Amino acid sequence: MMCTASAHCSLGIVTAHVHQTSRNFVSKLESSSSLIFRSGGESVGIGLSFSSGVSVCSKGCVGRLCALPDISDIFPEKLPTPILDTIESPMHLKNLSHKELKQLADDIRSELSFIRNETQKSVKGSMSVVELTIAIHHVFSAPMDKILWDAGEQTYAHKILTGRRSVMHTLRQKNGISGYTSRSESEFDPFGAGHGCNSISAGLGMAIARDIKGKRERVVAVISNESIMSGQLYEAMSNAGYLDSDMVVILNDSRQSLHSKLEDAPKTPINALSSAFSKLQSSRLFRKFREAAKGLTKKIGKGMYEWAAKVDEYARGMIGPPGSTLFEELGLYYIGPVDGHNIEDLICVLNQVASLDSTGPVLVHVITTENKETREEKHIGISKKYNQGLGIEIGMGIPRDGMEWVITTLMMRDRYHEILPIYVEPEDPYDSDPQPSNRTQTYSDWFGEALTMEAQLDKDIMVVLAGSGMGMDPSLKLFRDKFPDRLFDVGMAEQHAVTFSAGLSCGGLKPFCIIPSTFLQRAYDQVVHDVDRQKIPVRFVIPSAGLVGSDGPTNAGAFDITFMSCLPNMIVMAPSDEVELANMVATASCIDDRPVCFRYPRGAIVKSNTSVCHGVPIEIGKGRVLVEGKDIALLGYGSMVQNCLRAQSLLSELGIQVTVADARFCKPLDIKLVRQLCENHSFLITVEEGSIGGFGSHVAQFITLDGKLDGSIKWRPIVLPDNYVEQASPMEQLALAGLTGHHIAATALNLLGRTREALLLMC
């Protein structure tokens, strides 16, 4: 049996898995202050300490790092799920008692915990809505009734209950099921959930179509308090109130907040009074009485009707939580708050809401928590957050053979929806001065440090962060800690972020507007009219550019090169490595007469042993040659320069001399460098991790107008394919897209007429 001890250390919460045969580990864990394991004749001592502080792991034999610790790892075997095993479709929930539904909730949480351990994907969002999902499917009849979700990470319980349990282990993997709702995946997914805030708009459209066609299915849209910050959601609610079509909106309030101190943020109370009031609000008798009172006051006169409406609003505002009257003003009938983990209350309220006809849009406010414990955690009495802390010290000098060590680190949940596994090679056992393994630095880490250094020199630098939901990018915590008054996190309000940044710039500041590539698409109108057309110097930072692994096409940054480089006043650049990234931070800080943007990918930096230094401004529109050859030229843009270097290494082994150039800028293009490459080579290949119409198109435009294509030069572009690259590992995605070093080298060999070698290279 594999047993687990957990620890707080500088990398996060660490879990050490050790093979041993005793089944009394849990009782020992609760009663002992130390444990001794024997393996291969060697003793391994593990000291346990319970404290509220943080204990640091001592140096020792450290194996690979990945991102999946949890207290449930103490229970490596899958726990029995007797009720869940009987559920093959949501219809099977209809005949279950409330007691059985509660047992089903426990079963689903155990299943989600097992899936988390199997797939290394975060399921926290879905843990919070287990009871809500059960209640929705118990009351409504999908797929006839349309159930729409805003946030993909909250839909895993929904997927389990709608016939996809057997394939949940393929979650976010190549050829596996999506991490979001998908119309092509199941009839129970009437609309795709991606970036959030679209479910009310789509649901309203379905409700109007239903009314026009004379159908009777019900429409349910589940939104989160992350998407509640988005402007589209309020536009949709306002339109729903105006059209007055029947639909149910469920606000899943997991009490997240952009408030810097969550303990000080206002909280909506849940108690017996709020539960009773929610049931009263949703009851048929109360609704009929309210409608009758409205009709009576209308007959008396307009003044009486308006006075009665104000009294109604005031009374409901006094009893309801803060902000509840906002939904009433938008035209939605507010019910709540309801305890999102009380199945009886949820079913009671939803049943009454579902039984009402011709009531217009209704909003049910449900309070949930993401820290809901699984059965395993309840049993062992340790909360999922390890609030009390479990310290561990591992003795040194442990031999590698005879014992399997797996150290897993709870990395920060990536702000773009997935837990990113980080792998570090084991230390050399013969190294005379072994160093403790550290988490691999990412481009985001490097950017955060480089920007902080730049901000120390320039007090006008500000950060506007959008597209992150409720989560702060860990790489920006250093900036926030040093300059708390110079960082503005606006959540999912990307349009506001862009125009707000423009206003900061007009006021004489230097805003760095950080929006992931896929979310910047939502703010494109503001980029065009509020920034570029007015030549306002906003510095757009575009993380998660290119392919993003298991987040698939939903969060991929495929189009930013194209849609940013077509703007007349925009400077568009991309670093080839982390040093260039720091230089581009410095470059952007110096530009004060027009907007600029630069992109960088997810993932680890190129040179893992370097430290961040102050960036050096780059001459605008100036590329560079990294390797000189005479047979063929590879002109890379951004992170693809590294793959061009890999291709150059492969081709050099075949006796082919390759020039590798780093374009740095898509706009303005380094036309002198492009001319030089065309004049000195017979073949030119441009490589970018972006869609058609990007960097390669700008090069083609120039060499065509400059007459270079009329001569002997042959040009080939390598871009992302003209389709959405589905979820897979990053390397698998690059292979599918034809952007690996081997693919680039094979393209070069084909150009040179060496097709047989190209085929052999790809085998």
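What you are looking at is a predicted structure, and each value in this text was computed from that prediction instead of being measured.
A side-chain donor-acceptor contact under 3.5 Å links D445 to the backbone of T442. Between the side chain of S126 and the backbone N or O of V123 there is no donor-acceptor pair closer than 3.5 Å. No donor-acceptor pair closer than 3.5 Å links the side chain of D530 to the backbone N or O of I536. A distance-only check finds a donor-acceptor pair linking the side chain of R539 to the backbone of P537 [under 3.5 Å]. Between the side chain of Q727 and the main chain of P553, no donor-acceptor pair closer than 3.5 Å is present. Looking at Q154, its side chain never comes within 3.5 Å of a backbone N or O of V129 through a donor-acceptor pair. Judged by distance alone, the side chain of S517 and the main-chain N or O of A545 form no donor-acceptor pair under 3.5 Å. Of the possible polar contacts, none joining the Q526 side chain to the H496 backbone as a donor-acceptor pair under 3.5 Å is found. In this structure, K121 contributes its side chain and R116 its backbone to no donor-acceptor pair below 3.5 Å. When atom types are taken as modelled, the side chain of T587 and the backbone of N583 share a donor-acceptor pair closer than 3.5 angstrom.
Partners of S505 under the side chain to side chain donor-acceptor pair (under 3.5 Å) rule, at least two apart in sequence or in another chain, do not exist in this structure. Applying the side chain to side chain contact (heavy atoms under 4.5 Å, CB included) criterion to D532, with sequence neighbours excluded, gives L567, P568, N569, M570, P595. The side chain to side chain contact (heavy atoms under 4.5 Å, CB included) check on D460 picks up D458, L509, K510, with sequence neighbours excluded. Residues passing the ring pair (Phe, Tyr, Trp, His ring centres under 6.0 Å) test with Y443: none are found, sequence neighbours excluded. For the side chain to side chain donor-acceptor pair (under 3.5 Å) test, residues two or more places apart in sequence or in another chain that qualify with T562 are S691. Every residue meeting the side chain to side chain contact (heavy atoms under 4.5 Å, CB included) condition with Q733, not counting sequence neighbours, appears here in chain and number order: L547, V725, A728. For N239, there are no side chain to side chain donor-acceptor pair (under 3.5 Å) partners, not counting sequence neighbours. Checked against side chain to side chain donor-acceptor pair (under 3.5 Å), Q232 has the following partners two or more places apart in sequence or in another chain: S201. Scanning for ring pair (Phe, Tyr, Trp, His ring centres under 6.0 Å) contacts around F447 gives Y600, with sequence neighbours left out. For D662, the side chain to side chain contact (heavy atoms under 4.5 Å, CB included) criterion is met by S576, E580, R624, L626, V641, R664, not counting sequence neighbours.
In this structure, OG in S128 is found 11.5 Å from CD1 in I367, a value given to the nearest 0.5 Å. In this structure, the separation between CD1 on I514 and CZ on F519 is 14.5 Å, given to the nearest 0.5 Å. S589 contributes atom OG, which lies 15.0 Å from atom CE of M584 (distance to the nearest 0.5 angstrom). Rounding to the nearest 0.5 Å gives a distance of 3.5 Å between CD1 of I591 and CD1 of I571. Here the CH2 atom belonging to W446 is positioned 5.0 Å from the CD1 atom belonging to I605, to the nearest 0.5 angstrom. Taking CG of L478 as the start and CG of L451 as the end, the distance is 9.5 Å to the nearest 0.5 Å.
Ring-plane geometry between F695 and Y637 is classed as parallel, the angle between the planes falling under 30 degrees on a 0 to 90 degree scale with a further cut at 60.
Sorted by first then second residue, the ring pair (Phe, Tyr, Trp, His ring centres under 6.0 Å) pairs that include residues 551-589, not counting sequence neighbours, are Y524-F563. Residue pairs satisfying the salt bridge (Lys or Arg N to Asp or Glu O under 4.0 Å) criterion with at least one member in residues 588-601, sequence neighbours excluded, are listed as follows: D560-R599.
Y180 is listed as a side-chain neighbour of D551, based on a closest heavy-atom distance under 4.5 Å. With a 4.5 Å cut-off on side-chain heavy atoms, I223 and L233 count as touching. In this structure, S254 and N225 have side chains that are in contact, with non-hydrogen atoms separated by less than 4.5 Å. A heavy-atom distance below 4.5 Å is found between the side chains of F598 and L581. Side chains of I620 and F665 form a contact here, defined as non-hydrogen atoms less than 4.5 Å apart. Between I461 and E454, some side-chain heavy-atom pair lies under the 4.5 Å cut-off. Under the 4.5 Å side-chain criterion, counting only non-hydrogen atoms from C-beta, I515 is not in contact with I542. Side chains of D150 and V222 form no contact here, defined as non-hydrogen atoms less than 4.5 Å apart.
For the 3.5 Å distance criterion, the side chains of H698 and S565 qualify, holding a donor opposite an acceptor. A donor-acceptor pair shorter than 3.5 Å cannot be found between the side chains of Q441 and E578.
For the pair T155 and G179, the tightest heavy-atom approach, listed with the atom from each and the gap, is OG1-O, 4.3 Å. Nearest heavy-atom pair across L476 and L487 is O-CD1, 4.1 Å. Heavy atoms only, all atoms of each residue included: S199 and L148 are closest at O-CD2, 3.7 Å. When all heavy atoms of I200 and A236 are compared, the closest pair comes out as CG2-CB, 3.6 Å. When all heavy atoms of F479 and R486 are compared, the pair lying nearest together is CE2-O, 3.7 Å. In terms of heavy atoms, A466 sits closest to A493 at CB-O, 4.3 Å.
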Exercise for the section: Given side chain to side chain contact (heavy atoms under 4.5 Å, CB included), test V364 with V249 step by step and report yes or no. Expected result: CA-CA 6 Å; V364 182; V249 178; over 6 Å; no
Practice task
Evaluate the criterion side chain to side chain contact (heavy atoms under 4.5 Å, CB included) for residue pair K482 and Q456; output intermediate values, then yes/no.
Solution key: CA-CA 9 Å; K482 286 185 176 292; Q456 289 174 331; 3.6 Å; yes
Practice task
Go through the steps to decide whether D253 and T368 satisfy the test side chain to side chain contact (heavy atoms under 4.5 Å, CB included), and finish with yes or no.
Solution key: CA-CA 6 Å; D253 183 357; T368 62; over 6 Å; no
Exercise for the section: Under the side chain to side chain contact (heavy atoms under 4.5 Å, CB included) rule, what do L332 and E328 come out as? Steps first, then yes or no, please. Expected result: CA-CA 5 Å; L332 282 74; E328 295 276 348; over 6 Å; no
